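Here is the structure we will look at, set down as structure tokens.
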Amino acid sequence: MLPEQQEFELTIVDVSRSGPGVARDPDGRVVFVPGTAPGDRVRVRVSKVEKRFVEAELLEVIAPSLERVAPRCRVFGKCGGCQWQHLDYSLQWRTKVSGALHALSRVGIRADGLPRDEFPASDPWSYRNRIQLRGGSFGVGFYSRGSHQVVPIDRCEIAREELNAALPSNRDEAIRRDASSKLELEVSESGEVSATWNSGHAAQGFRQIHDAQNALLQGWIAEKVNPGRVLLDLYGGSGNLSLGLSCRFDRVHSVDIGAGRLLGRLGGDVLPANVKFHSSDVGKWASRNRSIESSAGGACIIDPPREGCGEALPAICGLLDESSITQLFAVGCDPDSWARDVSRLVSKGWRLECLAFFDFFPQTIHFESVACLVRV
Ligand SMILES: C[S@@+](CC[C@H](N)C(=O)[O-])C[C@H]1O[C@@H](n2cnc3c(N)ncnc32)[C@H](O)[C@@H]1O
């Protein structure tokens, strides 16, 4: 058994969907090494020994893999934001797709043979329309990996250029304020940058952070959805995925815990008369409104936060049964909780028809998965 702090050499053979490169130690046990690429010959130091795996930190790349690329960012490896700037983008994308299929297989769903659409990002840089920074006498920065220490930055390679252009003046403001502060910078759809100090996450309401990929996701659902009487948009935010479909349904219900605040995003836009927003917890709303669209038929979009639907799922299924909804789009940004929700839906009588994967977060391990299900 390798003791902690021991240093040794190994060859990385794979990359795990959670980020680190994967190798075997001399005893055949799995070793995870962050910041490595398959094919790298590296020197590492053991940082944690568990029964079935070892974690090690990278000390030196002795011979680099052909899949290794030069990270663009000066603070890559220190900043907690990106995990994969050292990997060729095509490898990042392959790892995400195989990771989603692996997550499905772990809950008993063989999806390799199903129709699947893949949407890697056409430009894997300069895409984020919103960043959250920490400010203080050092200027502005991001939390480092796994800690609340701040890594100062003067640019972010995955942020939109409008946000990078706004960094110097906000850095000056952070220094002027001196005390530790939280700053959210966002570029609106019309290109204006806003700065929000010391407010909660997504202070101006949730918005997908990659506009081009969001348009692809909207387009994919629009292409697949069958028109009907009712569309339910659960965890609907400000109607991002349903407003554009409202002309294909008699009625749309969009349910989100922050619907009131999120509607501010729509500004003066006039909502279609057949769209109703409900500001509520989805589970509670589904239990209380089980008969709201009795036997109406139609489609449903479910796009929960990272942790998935959790305890709300039985109430959601009850609502879907009562309303005779026949088509379902399950969207998720965490492959494990998404796969768990999909398998629970399958066990409740839904059949998985096709899949789509969208890279909303290049250079990181995150992405969006969508399953289209139909009632058996
Ligand atoms: C991943 S976002 C999706 C938003 C929207 N579908 C979109 O594309 O912009 C998840 C949404 O779930 C909402 N949310 C989180 N927990 C909730 C709950 N228990 N009940 C209702 N909405 C919730 C958040 O406010 C957020 O808008």
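For ligands, and for the atoms within them, numbers begin at 1 and follow the listed sequence. No experiment lies behind these values; they were computed from the predicted model shown.
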Review point. What do you reckon, is CD of Glu311 surrounded by more than 12 foreign heavy atoms closer than 6.0 Å?
Key: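 Open.
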
Review point. How about Arg375: does its CZ atom have over 12 heavy atoms from other parts shown lying under 6.0 Å from it?
Key: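 Check passes, neighbour count above 12.
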
Exercise for review: Run down the list Gln218, Lys284, Gln208 and name the one with the heavy atom closest to atom 7 (C) of ligand 1.
Suggested key: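 Of the listed residues, Gln208 has the closest heavy atom.
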
Point to revise | Pair Gln218, Asn240: side-chain N/O donor-acceptor within cut-off below 3.5 Å | key: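 On atom types as modelled, these side chains qualify, holding a pair under 3.5 Å.
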
Practice item. Give a yes-or-no answer on whether the side chains of Asp359 and Trp93 include a donor-acceptor pair shorter than 3.5 Å. Key: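 On atom types as modelled, these side chains do not qualify, holding no pair under 3.5 Å.
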
Check your understanding: Which pair of non-hydrogen atoms, one from Phe249 and one from Asn226, has the smallest distance, and what is that distance?
Key ->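 Smallest heavy-atom distance, with atoms named: CZ-O, 3.5 Å.
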
Point to revise | Any N or O of Asp233 closer than 3.5 Å to N or O of ligand 1 | key: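 No; the residue has no nitrogen or oxygen that sits under 3.5 Å from a nitrogen or oxygen of the ligand.
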
Exercise for review: Answer yes or no: does an N/O atom from Pro305 fall short of 3.5 Å to an N/O atom of ligand 1?
Suggested key: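 It does not: no N or O of Pro305 is found under 3.5 Å from an N or O of ligand 1.
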
Region of [X] that comes within reach of ligand 1 [heavy atoms, distance under 4.0 Å]:
X	result
Tyr235	both
Pro304	backbone
Asp281	both
Ile257	both

Would you mind running through ligand 1 and noting each atom that sits below 4.0 Å from a heavy atom of [X]?
X	value
Ser280	20 (N), 21 (C)
Asn240	7 (C), 8 (O), 9 (O)
Gly236	5 (C), 6 (N)

**Study point:** ring-ring contact (aromatic ring centres under 6.0 Å, His included) evaluation trace for Phe367 with Phe358
**Key:** CA-CA 6 Å; Phe367 61 104; Phe358 299 81; over 10 Å; no

Point to revise | Option from Arg130, Arg128, Arg160 for which salt bridge (Lys or Arg N to Asp or Glu O under 4.0 Å) with Asp211 holds | key: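 Among the candidates, only Arg160 passes.
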
Review point. Is Ala312 near ligand 1, meaning one of its heavy atoms is under 4.0 Å from it?
Key: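 No, Ala312 has no heavy atoms under 4.0 Å from ligand 1.
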
Point to revise | Side-chain donor/acceptor of Lys276 to backbone N/O of Val252, under 3.5 Å | key: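 Checked: no pair found.
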
